Structures are given as structure tokens and as C-alpha cells.
Amino acid sequence: MFVFSLRANKKRVFLMVVLLLSIALGLFLTRNSDLPVTDDSGISLKAADAEQRIAFLSQFGWEIDEDPVQVEEIVIPAEFDETYEKYNEIQLAQNLDLSNYAGKTAKKWTYTVKNYPGYETENSCIRANLIVFDGAVVGGDISSLEQGGFMQGFDFPAQQPRKSE
């Protein structure tokens with residue numbers, strides 16, 4: 001049997017507490033430093049609360065109903081199929097990358113867009129989807145619910161003619 005003893009004096013206890021606090025602080029800062037605050041173009045990605053999510057979409061010129069249509073937890077697949085690969089192409093084009101969050105659980109916030117060009121009077125069919133992980137936007141889109149609709153990144157489009165139905 002092996003016994004190890006250490007005499008505790010005030011100096012050793014103080015150094016041990018400082019060491020443990022330093023490690024805890026380092027882990028906390030490292031964890032939070034991975035969170036995107038802005039993208040390369042200076043767009044704020046903060047989305048921890050309703051005000052920040054609305055401000056995020058406003059940066060692109062979108063006007064939305066402030067109450068989300070839907071809020072759900074989603075799991076970003078660990079391995080992307082063809083559909084997720086195509087969806088991630090939209091994300092990559094807007095300086096986001098869902099592959100960084102593969103296998104993680106995120107929240108998807110869906111809002112009604114009120115000012116999509118050509119749809120201003122029919123705003124109930126255009127949606128803004130925000131994928132939020134740990135208080136930051138990591139993906140999302142603007143899309144149409146109508147049959148044969150569209151899906152695009154967050155950039156506000158130039159006036160476009162509507163598809164003929």
C-alpha cells in the first residue's frame with residue numbers, strides 16, 4: 001500500500017486555488033472564443049434573443065413579423081447527404097458553414113418576411129429561417145412556401161419578376 005501525504009499550508013492552498021481558477025477561466029474563454037460574433041464582411045451574427053435575431057435580419061433589409069411562426073430544435077447531421085450539401089452551398093456563399101456544426105443540436109427560428117420584392121402584399125408565403133447555435137447564427141435562408149418556390153441566402157434581392165403560375 002502506498003500513501004502520499006501533502007502538508008497543506010496557506011501558500012500551497014492559495015496557489016492551488018489560483019491554478020484551478022486559471023484553468024476554469026481558460027476553458028471558459030476558449031469555449032466562447034469559438035462563437036462567431038461577426039462574419040468577414042462585418043455582419044453581426046448575434047442571435048441570443050429576439051431583439052438580436054430581428055436585428056440580424058434587418059442588416060440585410062428584411063422586415064419580418066416579430067413573433068416567429070415556428071421555433072424548433074434541429075440536429076445538424078453528422079454526415080451530410082446531397083440535400084444538406086446543396087443547402088450548405090447556400091451557407092458557404094454567405095460566409096457560413098454548417099459542416100462546422102455537424103452532429104450538433106441547434107435551434108431553428110422561422111419568421112414571416114413582409115417585404116420580399118414582388119410579394120409585399122402576399123407576405124405569408126415568404127419565410128426567413130435562422131439556424132442558431134449557442135446564441136449565434138450559423139446558417140439559414142429566405143424561402144418561399146409556394147409550389148415551385150425558391151430558397152436563397154440572406155442578401156436582399158433586386159426586384160425580380162414572379163414566376164408565372
Side-chain angles (χ1 to χ4, degrees), residues 14-117 119-120 123-146 149-158:
F14 176 75
L15 289 175
M16 186 60 81
V17 168
V18 169
L19 177 66
L20 290 174
L21 287 175
S22 297
I23 291 170
L25 180 62
L27 290 173
F28 176 76
L29 292 176
T30 301
R31 179 179 177 270
N32 286 334
S33 67
D34 292 342
L35 295 177
V37 176
T38 61
D39 72 3
D40 295 338
S41 63
I43 298 292
S44 173
L45 300 174
K46 293 179 183 179
D49 58 33
E51 185 177 307
Q52 289 178 348
R53 289 187 295 277
I54 293 165
F56 173 81
L57 290 166
S58 295
Q59 296 174 107
F60 299 95
W62 297 115
E63 296 173 13
I64 60 169
D65 284 338
E66 293 184 6
D67 293 325
V69 174
Q70 184 176 18
V71 179
E72 62 183 319
E73 281 197 355
I74 62 168
V75 176
I76 299 167
E79 292 185 32
F80 289 4
D81 61 10
E82 184 179 339
T83 302
Y84 249 91
E85 288 292 343
K86 287 183 179 183
Y87 189 68
N88 201 40
E89 287 176 17
I90 294 171
Q91 307 317 308
L92 292 169
Q94 54 190 7
N95 296 321
L96 301 171
D97 187 356
L98 285 175
S99 66
N100 295 332
Y101 303 92
K104 307 261 187 213
T105 300
K107 245 185 185 172
K108 183 174 106 175
W109 298 81
T110 302
Y111 295 92
T112 299
V113 174
K114 300 191 291 187
N115 66 330
Y116 195 93
Y119 291 84
E120 293 89 345
N123 62 6
S124 63
C125 72
I126 307 298
R127 298 288 190 263
N129 296 297
L130 300 179
I131 299 174
V132 177
F133 179 79
D134 213 9
V137 174
V138 297
D141 63 85
I142 305 296
S143 57
S144 167
L145 299 179
E146 64 188 359
F150 61 86
M151 183 179 290
Q152 67 172 60
F154 294 120
D155 286 336
F156 198 88

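What you are looking at is a predicted structure, and each value in this text was computed from that prediction instead of being measured.
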- Query: For atom CD of Glu79, is the number of surrounding heavy atoms from other residues, nucleotides or ligands below 6.0 Å larger than 12?
  - Reply: no
- Task: With rounding to the nearest 0.5 Å, note down the distance linking CG in Asn129 to CD1 in Ile142.
- Result: 7.5 Å
- Message: Closer than 3.5 angstrom, by distance alone: can the side chain of Glu73 be matched with the main-chain N or O of Thr105 as a donor-acceptor pair?
- Response: no
- With rounding to the nearest 0.5 Å, note down the distance linking CG in Leu98 to CD in Glu89. 12.0 Å
- Can you name the nearest heavy-atom pair linking Tyr111 to Glu66, along with the distance? CE2-O, 3.5 Å
- Message: Using every non-hydrogen atom in the two residues, find where Ala106 and Ile131 come nearest and quote the distance to one decimal.
- Response: CB-CG2, 3.9 Å
- Message: Distance check, rounded to the nearest 0.5 Å: Leu96 atom CG versus Leu45 atom CG?
- Response: 6.0 Å
- Taking every non-hydrogen atom, the tightest pair across Ser144 and Glu146: OG-CG, 2.9 Å
- Just by modelled atom types, is the Gln52 backbone N or O under 3.5 Å from a matching donor or acceptor in the Asp49 side chain? yes
- Note on the structure: Given the options Tyr116, Phe154, Phe56, Trp62 meets ring pair (Phe, Tyr, Trp, His ring centres under 6.0 Å) only with Tyr116
- Which heavy atom in Lys114 sits nearest to a heavy atom in Ile64, and how many Å separate them? CE-O, 3.6 Å
- Tyr87 ring center near Phe80 ring center (under 6.0 Å): no
- Message: Would you say CD of Glu51 has more than 12 non-hydrogen atoms from neighbouring residues, nucleotides or ligands within 6.0 angstrom?
- Response: no
- Message: Quick one, Asp155 with Gln94, criterion side chain to side chain contact (heavy atoms under 4.5 Å, CB included). Give me CA distance, side-chain angles, the key distance, then yes/no.
- Response: CA-CA 8 Å; Asp155 286 336; Gln94 54 190 7; 5.9 Å; no
- Tightest non-hydrogen contact, residues Val113 and Arg127, listed as CG2-C, 3.8 Å
- Message: I need the single residue from Ile126, Asp65, Asp67 that forms a side-chain contact (heavy atoms from CB on, under 4.5 Å) with Thr112. Which is it?
- Response: Asp65
- Item | Rounded distance (nearest 0.5 Å) linking atom CD of Gln70 with atom OG1 of Thr110 | 5.0 Å
- Message: To the nearest 0.5 Å, what is the distance between CG on Asp141 and CD on Gln91?
- Response: 7.0 Å
- Going through the distances and angles, do Leu130 and Leu57 end up as a side chain to side chain contact (heavy atoms under 4.5 Å, CB included)? CA-CA 9 Å; Leu130 300 179; Leu57 290 166; 3.9 Å; yes
- With sequence neighbours excluded, what pairs up with Glu82 under the salt bridge (charged side-chain N to carboxylate O under 4.0 Å, His left out) test? Lys86
- Query: Considering all heavy atoms of both residues, which atom of Ile90 and which atom of Gly140 are nearest to each other, and what is their separation?
  - Reply: CG2-O, 4.5 Å
- Item | Ile76 CD1 to Tyr84 OH distance, which is reported to the nearest 0.5 Å | 6.0 Å
